[in-house]
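Written out below as structure tokens is the structure these notes cover.
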Amino acid sequence: MKGLLIRDLSLAVRAGGGFGLGLAFFLIVTILMPFGIGPNTSTLTIVAPGILWIGALLACLLSLDRMFALDWEDGSLELLATSPLPLEAVAGVKALAHWLTTGLPLVAAAPVLGIVLNLPPQGFFWLIASLAIGTPALSAIGTFGAALTVGLKRGGLLLSLLVLPLYVPTLLFGAEVARRGVEGSDAATPLVLLAGLTLAASAAMPFAAAAALRVNLR
Amino acid sequence: MPKLRAMSLWEYANPRKFMATSAALLPWVIALSAICLGTGLIWGFFFTPDERLQGASVKIFYIHVPTAMMAINAWAMMLVTSLIWLIRRHHVSALAAKAAAPVGLVFTAIALITGALWGQPTWGTWWEWDPRLTSFLILFLFYLGYIALWEAVENPDSAADLTSVLCLVGSVFAIVSRYALLFWNQGLHQGWSISATDGEAPVADVYWYPAMISIAGFVLLFVALVLFRTRTEIRARRLKALITRERMA
């Protein structure tokens with residue numbers, strides 16, 4: 001399990017692994033937003049939490065189709081399926097690796113982009129907390145989507161159609177935490193709900209992903 | 001106990017049996033549905049008084065409420081048939097789920113459109129980010145994703161498996177989204193209008209009877225469409241098998 005995690009991480013970090021890609025995408029999406037909305041700082045303050053959350057969500061989505069596709073092409077997914085490690089654990093480790101290479105850098109980059117978007121100082125803590133707690137759910141749910149579409153020719157587009165509706169509750173609670181943090185009202189309740197969502201998704205989604213992988217490997 | 005076995009639901013897992021029974025049943029269902037829809041809608045549209053506050057716009061009720069109910073029930077039916085496919089591997093069940101999806105999609109779209117048409121004169125807006133409205137929009141997206149996955153996977157058994165898993169996971173997320181939306185925004189939409197648990201019926205009898213008949217009509221319409229489409233799917237599957245056999249020979 002540890003070996004698989006280290007393998008996935010090193011594959012992602014090395015050249016051609018697309019490690020910085022999600023992060024760069026997040027940066028560009030967030031920087032483009034003021035061009036669409038206008039440079040008015042008070043408007044940006046209102047929309048900043050939502051933009052950062054949508055940006056994080058799209059950046060997560062971008063790297064999902066690589067999660068199983070490369071292993072599928074070179075046959076290492078079959079090797080993993082026949083290895084003593086259960087497929088559920090493989091899916092869980094893949095989700096963890098995806099989060100470490102995509103979600104975690106986004107959490108680290110969010111404060112910088114918060115400054116760019118004129119996020120008020122009291123909002124930073126809640127924004128980072130919501131992203132840190134919410135993005136693992138995005139990776140876990142995304143693993144299921146990637147497992148469903150592995151081996152399909154036009155999988156990428158279908159993947160977004162399948163995964164985005166599943167992201168609704170996470171996005172909703174995450175952006176709610178960040179928004180309430182900015183407003184200074186009680187943000188702990190949605191944060192707890194978001195944490196519950198993340199825990200439930202990380203516990204249950206590997207099983208659904210493994211079921212889908214078994215069908216696709218048949 | 002041969003007699004009891006003959007009455008079992010699982011008999012219809014046999015496509016031949018399903019085809020025979022559905023062929024006998026289909027004209028009746030279509031006729032009943034037409035009668036109910038005709039009676040309910042004509043009664044509702046022409047022989048009920050205008051509502052005191054909403055005027056004639058209330059008459060869209062007879063389409064909006066039944067289609068909205070069926071939009072949710074179609075997904076519930078797909079959930080049950082998906083489970084039957086996953087557990088007992090009955091092909092008819094998987095094909096019925098496939099057949100129900102576009103019908104559910106269209107019902108969802110009709111409910112959304114009639115809701116917008118009704119909301120414009122009564123609420124003064126076509127669209128509001130109300131939990132009920134938004135969850136219907138999300139349901140619409142779930143239907144789209146489900147149908148797209150059926151279309152994308154080539155192997156029919158894999159497609160049935162994957163869409164069934166998606167249906168199960170989607171159901172959980174649809175329910176979570178529904179309650180998450182309640183947290184997110186307070187609604188403009190009124191509550192559940194059919195049940196009358198608190199003593200006073202929210203809908204007066206004049207409107208109630210035609211509404212019940214048109215709901216029955218839409219349920220029958222759904223059954224007829226799903227039977228029809230399932231028969232088409234079974235025939236398409238048979239045709240494909242025949243063509244493959246021809247090629248092999």
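In this text, all values refer to a predicted model and were calculated from it rather than measured experimentally. By convention in this document, chain letters (A, B, ...) are assigned in the order of the sequence lines, proteins followed by strands, and residues within each chain are numbered from 1.
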Could you go through A:R218 and B:D157, starting from their C-alpha distance and side-chain angles, then the distance that decides it, and tell me whether this counts as side-chain contact (heavy atoms from CB on, under 4.5 Å)? CA-CA 10 Å; A:R218 199 160 54 198; B:D157 279 4; 4.2 Å; yes
Residues which pass salt bridge (Lys or Arg N to Asp or Glu O under 4.0 Å) with B:R89, listed by chain and number, not counting sequence neighbours: B:D161
Any idea which heavy atoms bring A:M205 and B:V169 closest together, and the distance? CE-CG1, 3.7 Å
Is the number of heavy atoms from other residues, nucleotides or ligands under 6.0 Å of A:L157 CG greater than 12? no
Side chain from CB out, backbone as N, CA, C, O: work out which of these in A:L148 comes under 4.5 Å of a heavy atom of chain B, or both, or neither. both
Which members of residues 158-182 of chain A, sorted by number, sit under 4.5 angstrom from chain B on a heavy-atom basis? A:L158, A:L161, A:L162, A:P165, A:L166, A:V168, A:P169, A:L172, A:F173, A:E176, A:R179, A:R180
Should we say atom CZ of A:F207 is surrounded by more than 12 heavy atoms from elsewhere, each under 6.0 Å from it? no
Do you know which of B:V176, B:L162, B:L168, B:L141 has the most heavy-atom pairs under 4.5 Å to chain A? B:L162
Filtered by a 4.5 Å non-hydrogen cutoff, the part of residues 89-101 of chain A contacting chain B is none
Enumerate by number any residue of residues 37-53 of chain A whose heavy atoms lie under 4.5 Å from heavy atoms of chain B; in the absence of such residues, state 'none'. none
I'd like to verify something: which residue of B:L166, B:V172, B:L139, B:L144 has the highest number of heavy-atom pairs under 4.5 Å with chain A? B:L166
Heavy-atom pairs under 4.5 Å with chain B: which of A:A208, A:A211, A:P190 has the most? A:P190
